[in-house]
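A note on names: the letters A, B, ... follow the listed sequences, proteins ahead of strands, and every chain is numbered from 1. Owing to the predicted nature of the structure, the values given are computational and were not obtained by experimental measurement.
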Amino acid sequence: MASEGLFDMILQTKPIFKDREYLRHSYTPEKLPHRDEQIQQIARILAAPLRGETPSNVLIYGKPGTGKTATVNYVAKELEKVSEKAPIKVKVVYLNCERVNTHYRILAKLSDTFLEGLRNHRGKEFLTKMNLPTHVPRTGWPTDEVYKSFLKSLDDEKQLAVIILDEIDKLVRKSGDDVLYSLTRMNSELKNAKVSIIGISNDLHFMEYLDSRVRSSLGEEETVFPPYNAHQLRDILHQRSEISFIDGVLTDPVIQLCAAHAAREHGDARRALDLLRVSGEIAESMGAENVNVEHVRKAHERIELDQTVEVIKTLPVQSKLLLYSISMLAERTPRAVISGDVYGLYEDFCRQVGLDILTRRRVSDLISELDVLGVIDAKIINKGRYGRTKEIKLNVHPLQVQAAVQQDYLFSDLRAENFRFPTRA
DNA sequence: AATCCACAGGAAGCCCGGGAAC
DNA sequence: GTTCCCGGGCTTCCTGTGGATT
């Protein structure tokens, strides 16, 4: 291999990207195409405090990648800016409930935000005088202590706290609606300040799990973000590609194909941008001068695979072993994979690698988790006399699962030795 | 019509680690 | 150090399910 040619080749390759950062999800563009209606609607609701009224709480629905978060943050930032001249100050707090997902953590985060503001504004001595801490520890306090400290720090002046709870459905699913209950009731306890909540959810049905009082308070206003269609996705891609790709390397069919792919997957703009970026990266690595539809096809495959492999690799050990058992059964048995068989093989593997064997009950939950992740599809079926079970369908090729699991050194040498695979239906 | 299989999945509570306050 | 609190993983115990079988 001629090593001096290595860098020559890379240096000779014409660049494809101007700046690929503009294609990442973290980048929020100045203009949000096809979201004017939603921007107007949210702005109208949030503008109330500037006229001295309390704004309503808002719930925002929409599939992933429909611009919910970007739109809300955009409007909130504008509001914060405008409020500097208004009689009432607006402070926006953004919380992603995927990470901040318990009663305690939400209150702690909110409390910290306002304590910090207070410290900068009034000084540290003021906090001591008011009997307030400088910050709330990550754990250790009783929850109502945290609540009180939030209440006090917020109520210090006439202001509006706009609390954005992104992925609020995950919060409710994990910790129930206690937090939402206390947050929605706060306004009656506050003398100076006001609270307004913006909930963002992917799930249209999560409201069903809420207490009816919380439901009516939270859902005073609702805004739905429809999925982008292929045409709108194309506009978004055009907008971003102009600043991120070198002129002329992208052709219209390429953008159209990316848009079409993403439109098929519930109009997810993030997906469309990923696809465009990875297509560019593939074209670049192949030394192509421009991006073509073949690169898009390859990118599509790669994204799919990378995602599932990543999901599997980051699974806890027990889930990995369980998934491995499922993949073995899927590969070797003619009949459908059912939970009873999975448990048997799982036990066998546990003994082999010296892992504790979890109970059926726990395994049942783990299977449901795998289902939620989308790696498998689990369907409850009744087989009459032969009981009730879950029929499991693997959404990934068994060999891909096995390869991903075996990257964990614990499982590199797993064999199904003692297990008798079921043979007939 | 009654029975019964082989689980699903809810409820409660245990145990442990992490962390703060006393 | 001890005591209190939180959260997550887990177990134990339990009730529910619906169609094939008796």
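- Taking the six-membered ring where the residue is Trp, the centroids of Tyr61(A) and Phe225(A) are separated by 6.0 Å or more.
- For the residue pair Asn131(A) / Lys152(A), no side-chain donor-acceptor distance below 3.5 Å is found, with atom types taken as modelled.
- Screening Ser368(A), Ser339(A), Ser364(A) for a side chain to side chain donor-acceptor pair (under 3.5 Å) involving Lys390(A) leaves a single residue, Ser368(A).
- Salt-bridge formation is detected for the pair Asp365(A)/Arg361(A): a Lys NZ or Arg NE/NH1/NH2 atom is positioned less than 4.0 Å from an Asp or Glu carboxylate oxygen.
- Atoms CZ (Arg362(A)) and C1' (dA11(B)) sit 15 Å apart, rounded to a whole Å.
- With sequence neighbours left out, His34(A) forms a ring-ring contact (aromatic ring centres under 6.0 Å, His included) with no residue at all.
- Between Arg44(A) and Glu53(A) there is no salt bridge, since no side-chain nitrogen of the basic residue lies less than 4.0 Å from a carboxylate oxygen of the acidic one.
- Interatomic distance, Leu180(A) CG to Leu165(A) CG, rounded to the nearest 0.5 Å: 6.5 Å.
- Rounding to whole angstrom units, CD of residue Glu391(A) and C1' of dC7(B) are separated by 14 Å.
- Counting to the nearest Å, the C1' atom of dA6(B) and the CG atom of Asn382(A) are 10 Å from each other.
- Side-chain N/O atoms of Ser339(A) include none lying less than 4.0 angstrom from OP1 or OP2 on dA6(B).
- Nucleotides of DNA chain C with any atom under 4.0 Å from a heavy atom of chain A span, from 5' to 3', dC5(C) to dT22(C).
- Interface remark: the Arg388(A) side chain does not form any donor-acceptor pair with the dG9(B) base, using a distance-only criterion of under 3.5 Å.
- Checked by atom type, the side-chain pair Thr223(A)/Gln38(A) shows no donor-acceptor distance below 3.5 Å.
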Quick one: which protein N/O atoms are closer than 3.5 Å to N/O atoms of nucleotides 14-19 of chain B? Pair and distance per line, please.
residue: dG18(B); atom: N2; partner: Thr139(A); partner atom: OG1; Å: 2.9

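- For Phe349(A) and Tyr324(A), the ring centers are positioned less than 6.0 Å apart.
- Residues from residues 104-114 of chain A placing a heavy atom under 4.0 Å of any atom in DNA chain C, listed by number, are Tyr104(A), Arg105(A).
- Checked by atom type and distance alone, the side chain of Lys63(A) never pairs as donor or acceptor with a backbone atom of His266(A) at under 3.5 Å.
- Using a 4.0 Å heavy-atom distance criterion, Leu358(A) is classed as a sugar-phosphate-only contact.
- In this structure, Arg35(A) forms a cation-pi arrangement with Tyr228(A), its terminal cationic atom sitting closer than 6.0 Å to the ring centre and no more than 45° off the ring axis.
- Contact check of residues 364-375 of chain A against DNA chain C (heavy atom, cut-off under 4.0 Å) returns no residues at all.
- Applying the ring-ring contact (aromatic ring centres under 6.0 Å, His included) rule to Phe150(A) yields the partners Phe114(A); only residues at least two apart in sequence or on another chain are considered.
- Here the side chain of Asn57(A) pairs no donor or acceptor atom with the backbone of Glu220(A) at under 3.5 angstrom.
- Between Lys390(A) and dA6(B) there is no side-chain polar atom (N or O) within less than 4.0 angstrom of OP1 or OP2.
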